[in-house]
There are 2 protein chains.
Amino acid sequence: MTGQVRTVDGRVAGRRGQETRQKLLDCLREMLSTSPYRDVKVIDVARMAGTSPATFYQYFPDVEGAVLEIAEEMAEDSAGLKELVDGKSWAGKTGYATSEDLVDGFLAFWRKNDAILRVVTLGAAEGDKRFFKIRMKVLNSVAGPLSEAVKANQGKTDKSVDPAAVAGALISLLASAAEHQKAFTSWGVKVKDLKPNLALQVYLGVAGKKPPK
Amino acid sequence: MTGQVRTVDGRVAGRRGQETRQKLLDCLREMLSTSPYRDVKVIDVARMAGTSPATFYQYFPDVEGAVLEIAEEMAEDSAGLKELVDGKSWAGKTGYATSEDLVDGFLAFWRKNDAILRVVTLGAAEGDKRFFKIRMKVLNSVAGPLSEAVKANQGKTDKSVDPAAVAGALISLLASAAEHQKAFTSWGVKVKDLKPNLALQVYLGVAGKKPPK
DNA sequence: AACTTGTCCTGTCATGCCGTCAGCTTACCG
DNA sequence: CGGTAAGCTGACGGCATGACAGGACAAGTT
């Protein structure tokens with residue numbers, strides 16, 4: 001599918017080269033989760049990977065370029081989130097379970113990739129189209145199916161609400177909660193209680209009514 | 001209230017010094033809204049202010065320090081957001097109007113300060129306590145009163161929901177929507193339709209029922 | 001084994017920003 | 001007018017950036 005891995009000056013990377021490249025990406029990932037984005041320097045990444053800055057610049061135009069690489073990889077991964085909604089039922093107790101699973105899965109994905117997602121979110125907010133696209137890919141993996149679910153369930157209730165808007169709002173909420181869990185605890189919401197609360201919101205949004213006991 | 005303005009090396013700043021300091025802050029604000037945070041350099045800010053980098057370091061320890069200054073100023077400003085909820089009614093049509101005003105006011109505030117809020121949000125997500133505190137101050141200016149409103153209104157309905165959690169979720173949603181409006185348009189939600197949709201969500205969360213026609 | 005080819009890495013260099021300091025200029029005050 | 005503190009900057013060592021040429025290395029060829 002994707003073409004061969006290439007260096008900035010057009011050479012095709014071989015076995016050893018790809019290993020080095022990958023090690024640089026891994027170290028960058030590590031750096032991102034331990035230092036502020038603004039302070040991540042090429043030289044630190046290179047040192048951690050046991051190589052030199054010049055080597056880094058062989059494979060990536062700059063830090064941002066390498067970050068995009070990691071982000072794209074993550075976006076591929078996010079396709080798996082579809083399964084949290086696709087083909088699931090939203091009826092009765094099963095529906096609430098679906099909601100819980102969705103919240104659980106989404107938060108887990110975000111936590112696993114929080115460092116890179118922070119940077120993607122920043123880039124998107126700053127208007128960078130590449131980061132925006134990646135962020136949408138991640139969100140859409142859930143927003144798409146969820147919007148369908150809302151549409152399917154609102155036939156019974158009223159049609160004044162835009163399914164895309166509801167699904168979007170719910171995903172935004174999940175993303176925000178995932179990125180800023182600490183805000184909720186500072187509001188007195190215990191970590192343990194966060195998921196049920198979010199699951200309730202999601203169920204309410206999709207089913208349009210309170211869940212059964 | 002606040003002590004005198006001081007330089008990094010302890011001198012008290014006089015009239016001229018404060019002017020220079022303010023000009024630097026203004027230029028930094030400007031830079032933040034035109035370039036990615038990562039690329040904002042001291043030298044650029046100084047140049048724009050018609051002064052030298054050394055002068056910048058007289059008043060601020062580094063870029064982050066100056067950003068915190070701007071952010072704190074904005075946080076003071078955010079106190080005014082309280083009025084959007086405090087003492088407002090959530091009954092019937094008036095209630096829905098309250099909801100609309102809240103969404104309107106919050107989005108306007110965010111748009112006005114979007115550049116600095118992006119950085120604050122990033123800092124908070126990265127675990128920086130100073131940025132986290134500032135972000136909470138802004139959010140709490142609305143979340144506090146809103147939580148009260150939820151509590152006051154849920155007496156009539158059921159008590160299974162934590163008011164703080166609901167208020168927090170709503171504020172998170174508003175913040176997320178404000179920061180990533182483009183995401184919603186990419187979901188097919190027109191700018192014109194965004195506010196009504198958010199207002200509906202807020203009303204639903206607070207009043208626990210659909211708004212009257 | 002010498003040769004060839006293409007990949008892979010690094011030493012080195014010019015450039016530019018960072019952060020500090022000494023010292024010059026300016027403003028204020030008695 | 002002289003003293004004092006505020007205000008500003010040139011200059012500097014240090015470090016990151018980004019480009020390049022050339023050496024090391026692996027693998028196949030003759």
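Treat the numbers as computed from the prediction; the structure is a model and nothing was measured. First the proteins, then the strands, lettered A, B, ... as listed; each starts at 1.
For the pair B/D44 CG and C/dC18 C1', the computed distance is 13 Å after rounding to whole Å. A straight line from CG of A/D39 to P of C/dC18 spans 12 Å, rounded to a whole angstrom. Straight-line distance from the CZ atom of B/F60 to the P atom of C/dT20: 15 Å, rounded to whole Å. In this structure, B/Q58 places its CD atom 14 Å from P of D/dG10, rounding to the nearest Å. A straight line from CZ of B/R15 to P of C/dA27 spans 9 Å, rounded to a whole angstrom. B/F56 has its CZ atom 18 Å from the C1' atom of C/dC21, to the nearest Å. In this entry the distance linking CZ of B/R38 with P of C/dC17 reads 15 Å, nearest Å. As rounded to whole Å, 12 Å separates atom P of C/dC8 from atom CZ of A/R6.
Between the side chain of B/R130 and the backbone N or O of B/G123, no donor-acceptor pair lies under 3.5 Å.
Regarding contacts with the backbone of C/dC8, every side-chain N or O of A/T20 stays at 4.0 angstrom or more from both OP1 and OP2. Taking only side-chain nitrogens and oxygens, A/T55 comes nearer than 4.0 Å to OP1 or OP2 of C/dT10.
Here the nucleotide nearest the side chain of B/K41, chosen from C/dG11, C/dC17, D/dT17, is C/dC17. Candidate nucleotides D/dA6, D/dG18, D/dT9 were compared by shortest atom distance to the side chain of A/Y57, and D/dG18 ranks first. For A/A54, counting side-chain heavy atoms from C-beta on, the closest listed nucleotide (D/dC20, C/dC8, D/dT9) is D/dC20. For A/I43, the side-chain atoms get nearest to D/dA16 when compared with the rest of D/dA6, D/dA16, C/dC17. The nucleotide whose nearest atom lies closest to any side-chain atom of B/R16 is, among C/dC17, C/dC28, D/dC8, D/dC8. Side-chain proximity of B/T51 to C/dC28, D/dG7, D/dT9: nearest is D/dT9. Side-chain proximity of B/Y59 to the nucleotides D/dC8, D/dA16, C/dC28 is greatest for D/dC8.
Under the 4.5 Å side-chain criterion, counting only non-hydrogen atoms from C-beta, A/D162 is not in contact with B/D193. Counting only heavy atoms from C-beta outward, the side chains of B/I116 and B/R29 never approach each other to under 4.5 Å.
Here the closest non-hydrogen pair linking A/L139 and A/F106 is CD2-CZ, 4.2 Å. Taking all atoms of both residues into account, the shortest heavy-atom contact from B/A49 to B/K23 is O-CD, 3.4 Å.
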